[in-house]
Structures are given as C-alpha cells and as structure tokens.
Amino acid sequence: MASSMGGMFPGQQPPTAHPVGGPGGPGQPGFPGTAARSPGSNTLVDELEASFEACFASLVSQDYVNGTDQEEIRTGVDQCIQKFLDVARQTECFFLQKRLQLSVQKPEQVVKEDVSELRNELQRKEMLVQKHLTKLHHWQQVLEDVSIQQRKPTDLPPPGPLAFLEQASASLPPAPLKPN
C-alpha cells in the first residue's frame with residue numbers, strides 16, 4: 001500500500017531520524033510484507049507503516065516471548081508505540097498543512113465541502129425529526145384511544161340500584177337447564 005502512495009509526498013523532507021524497530025523491527029524474517037528500506041527514500045507513509053509493523057513485531061518477537069525481564073519488555077514495547085504515535089502525529093500534521101494550502105489556493109472547494117457536510121447533517125436531522133414525529137403520532141393515537149375508553153362508561157345512563165348485580169351476572173356463563 002505504501003509503495004503505491006510513494007509519490008504522494010513530493011518535496012517532503014525526511015523526518016527526523018528515529019531508530020525504526022528494535023527487536024522484531026521491519027525486515028525481520030518471517031514477518032509478511034516487510035522489506036529492508038533505505039533510510040533516505042522513506043516517505044511519511046513508509047515511516048508510519050514501518051513503525052506500525054515494528055509495534056506488531058515487538059509484541060510477537062521471540063525475544064519478548066522468551067524474555068524474563070518484564071521491565072525491558074515493557075520499555076521496548078513502549079518505545080515502539082511512542083515511535084508509531086510520533087509518526088502518526090507527523091502524518092496528521094502533513095495532511096493538515098495540505099488542507100490549509102487547499103483552503104488558501106481554492107477556497108471555493110472548502111466552501112463546497114462545508115455545504116455538502118451541512119446538507120448531510122440537515123438530511124440526518126430531518127430523518128430524526130420524522131422518526132420522532134412518527135413516535136409522536138403513535139402516542140397521540142394511544143392517548144386518544146385511552147381517552148375514548150374512559151369516556152364510554154360516562155356516556156352510559158347512570159346506573160340503577162341493581163347495576164352492579166347486572167354487570168356481575170353478565171360475566172357469568174349461562175346456567176345449565178334443568179330437566180322437568
């Protein structure tokens with residue numbers, strides 16, 4: 001992947017020299033996709049890839065697996081991770097600089113991107129509003145149904161003195177007929 005992006009950073013100054021690797025660094029036999037890189041031809045993407053591979057290699061290296069000094073292992077892994085984070089920050093800085101150059105050279109492009117982002121956000125919020133409206137209509141219908149059910153008993157004529165017995169007997173099953 002990095003080889004296809006090698007020309008992506010024309011005129012880039014090589015980053016400050018960091019020792020890449022440590023135990024199990026890039027180019028370790030048996031680690032897929034690693035090859036010896038000449039220090040002068042490294043791009044920022046190559047450095048990022050190499051430091052990422054070094055992080056993995058340090059975690060699976062036989063030196064660390066068989067090692068008994070936990071502090072030495074922790075220090076080596078921390079160094080590899082710190083190297084990766086440093087190169088990741090450099091990469092982020094590079095892209096932020098390119099973004100700044102683009103905004104100066106082509107401000108209309110930045111405005112187009114902002115408009116596109118705002119449209120996407122507006123569409124997402126419209127969908128959210130529709131979802132809430134659907135729920136609102138559902139609960140309004142439930143509330144209306146409950147309100148109608150509560151009104152039904154009041155619409156009936158006032159109960160007489162035997163209304164309770166009439167309701168109770170209505171819910172009973174019919175009595176069996178006695179033969180004469």
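These numbers come from the heavy atoms of this one structure, side chains and all, not from hydrogens, waters or symmetry mates. As the structure is a prediction and not an experimental result, all values here were calculated from the model.
- Residue pairs meeting the salt bridge (charged side-chain N to carboxylate O under 4.0 Å, His left out) criterion with at least one partner in residues 124-148, sequence neighbours excluded, are E121-K125.
- At a threshold of 4.5 Å between side-chain heavy atoms, the hydrophobic network of Ile, Leu, Val, Met, Phe, Trp and Tyr places F56 and V87 in one connected group.
- In this structure, CZ on F84 lies 12.5 Å from CD on E47, to the nearest 0.5 angstrom.
- A donor-acceptor pair shorter than 3.5 Å cannot be found between the side chains of Q82 and D78.
- The CD atom of Q123 sits 13.0 Å away from atom CG of L118, with the distance rounded to the nearest 0.5 Å.
- A salt bridge does not link K83 with D86: none of the charged nitrogens is closer than 4.0 Å to a carboxylate oxygen.
- Hydrophobic clustering, with ILVMFWY side chains joined whenever heavy atoms are under 4.5 angstrom apart, groups L44 together with F95.
- In this structure, S58 OG and I81 CD1 are separated by 6.5 Å, a value rounded to the nearest 0.5 Å.
- One distance of note links CD of E113 with CG of L102; it measures 6.5 Å at 0.5 Å rounding.
- Looking only at side-chain heavy atoms (C-beta outward), C93 and L96 stay at 4.5 Å or farther from each other.
- The pair R99-E92 does not meet the salt-bridge criterion, since no charged nitrogen lies less than 4.0 angstrom from a carboxylate oxygen.
- Scored by the side chain to side chain donor-acceptor pair (under 3.5 Å) test, R119 finds no partners at all (sequence neighbours excluded).
- Residues Q150 and V146 have side chains in contact (heavy-atom distance under 4.5 Å, counting atoms from C-beta outward).
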Would you give me the side-chain donor-acceptor pairs under 3.5 Å for residues 104-112, sequence neighbours excluded?
none

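- Grouping the Ile, Leu, Val, Met, Phe, Trp and Tyr side chains by contacts below 4.5 angstrom, directly or via other members, places V129 with L136.
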